[in-house]
Undergrad: 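One structure, as structure tokens, below. Some questions next.
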Amino acid sequence: MDVSRLIDEAIIARTMAYAPYSKFKVGCAILLKNGKVIRGCNIENKSYGLTNCAERTALFKMISEGITKYDVEALCIVGDTKEPITPCGACREVMAELLLPDTLIYLANMERDTLEIKVSDLLPLSFKLEN
Ligand code: THU
């Protein structure tokens, strides 16, 4: 898999971020098994709690286009952080719901420092309905 291309796509997605309040821009790219890419960025609101993170934007775009977890090769998130960006708890729940446990997530920063992690390792001991 071309991780470098995926990081490029997330960096492009980040340029679309609407973050006038935090000024912290985040980009996300979902690589599909057919080679297509779905991009997402964070979208803030003056009612702060309505903010949508980049990962959720990309994942909600994916679902709304009829694309499912079985079509996903990998997902990448990028922000201007010292270490590779780490997603918030809400996004971890959404990734655990909408992606397969073994799907690879690439956390990156603008220097392209990258951390590879599986969805299942992002949210250990998560709430399960079957419990
Ligand atoms: N944010 C994301 O989009 N993804 C993350 O993984 C971390 C945080 C956004 C939310 C908000 O617009 C800004 O970054 C600051 O928290």
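Counting starts at 1 for both ligands and their atoms, following the listed order.
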Undergrad: Starting from atom 7 (C) of ligand 1, find the nearest protein heavy-atom neighbour and note its residue, name and distance.
TA: Ile85 CD1, 4.3 Å
Undergrad: Measure the distance from atom 9 (C) of ligand 1 to every protein heavy atom, then report the residue, atom name and distance (to 0.1 Å) of the closest one.
TA: Asn42 ND2, 3.5 Å
Undergrad: Given that the side chain starts at C-beta and the backbone is N, CA, C, O, which of these parts of Ser22 lies under 4.0 Å from ligand 1, counting heavy atoms, or is it both or neither?
TA: side chain
Undergrad: So how far is it from Leu75 CG to Leu99 CG, rounded to the nearest 0.5 Å?
TA: 6.0 Å
Undergrad: Relative to the heavy atoms of Thr51, which atoms of ligand 1 are at a distance of less than 4.0 Å?
TA: 10 (C), 11 (C), 12 (O)
Undergrad: Could you tell me, atom by atom, which parts of ligand 1 come under 4.0 Å of a heavy atom of Glu44?
TA: 11 (C), 12 (O), 13 (C)
Undergrad: List ligand 1 atoms under 4.0 Å from Val26, heavy atoms only on the residue side.
TA: 1 (N), 2 (C), 3 (O), 4 (N), 9 (C), 14 (O)
Undergrad: Mind checking whether Asp80 and Arg14 have side chains closer than 4.5 Å, heavy atoms only?
TA: yes
Undergrad: Not counting sequence neighbours, which residues clear side chain to side chain contact (heavy atoms under 4.5 Å, CB included) with Glu97? List them please.
TA: none
Undergrad: Starting from the C-alpha separation in whole Å, work towards a yes-or-no answer on side chain to side chain contact (heavy atoms under 4.5 Å, CB included) for Asp8 and Arg112.
TA: CA-CA 9 Å; Asp8 286 341; Arg112 307 176 81 89; 3.0 Å; yes
Undergrad: Do the side chains of Asn109 and Glu83 get nearer than 4.5 Å, heavy atoms only?
TA: no
Undergrad: How close does the nearest protein non-hydrogen atom get to atom 14 (O) of ligand 1, and which residue and atom is it?
TA: Phe24 CD2, 3.3 Å
Undergrad: Of the listed options (Lys23, Glu55, Arg14), which comes nearest to atom 4 (N) of ligand 1 when hydrogens are ignored and any heavy atom counts?
TA: Glu55
Undergrad: Out of Ala54, Ala17, Cys53, Ala58, indicate the one that has the non-hydrogen atom closest to atom 10 (C) of ligand 1.
TA: Cys53
Undergrad: Protein heavy-atom contact under 4.0 Å for atom 16 (O) of ligand 1?
TA: no
Undergrad: Consider only side-chain heavy atoms of I, L, V, M, F, W and Y, link residues closer than 4.5 Å, and tell whether Tyr106 and Met95 are in one cluster.
TA: no
Undergrad: Asn34: which residues meet the side chain to side chain contact (heavy atoms under 4.5 Å, CB included) condition with it, sequence neighbours left out?
TA: Leu32, Lys36
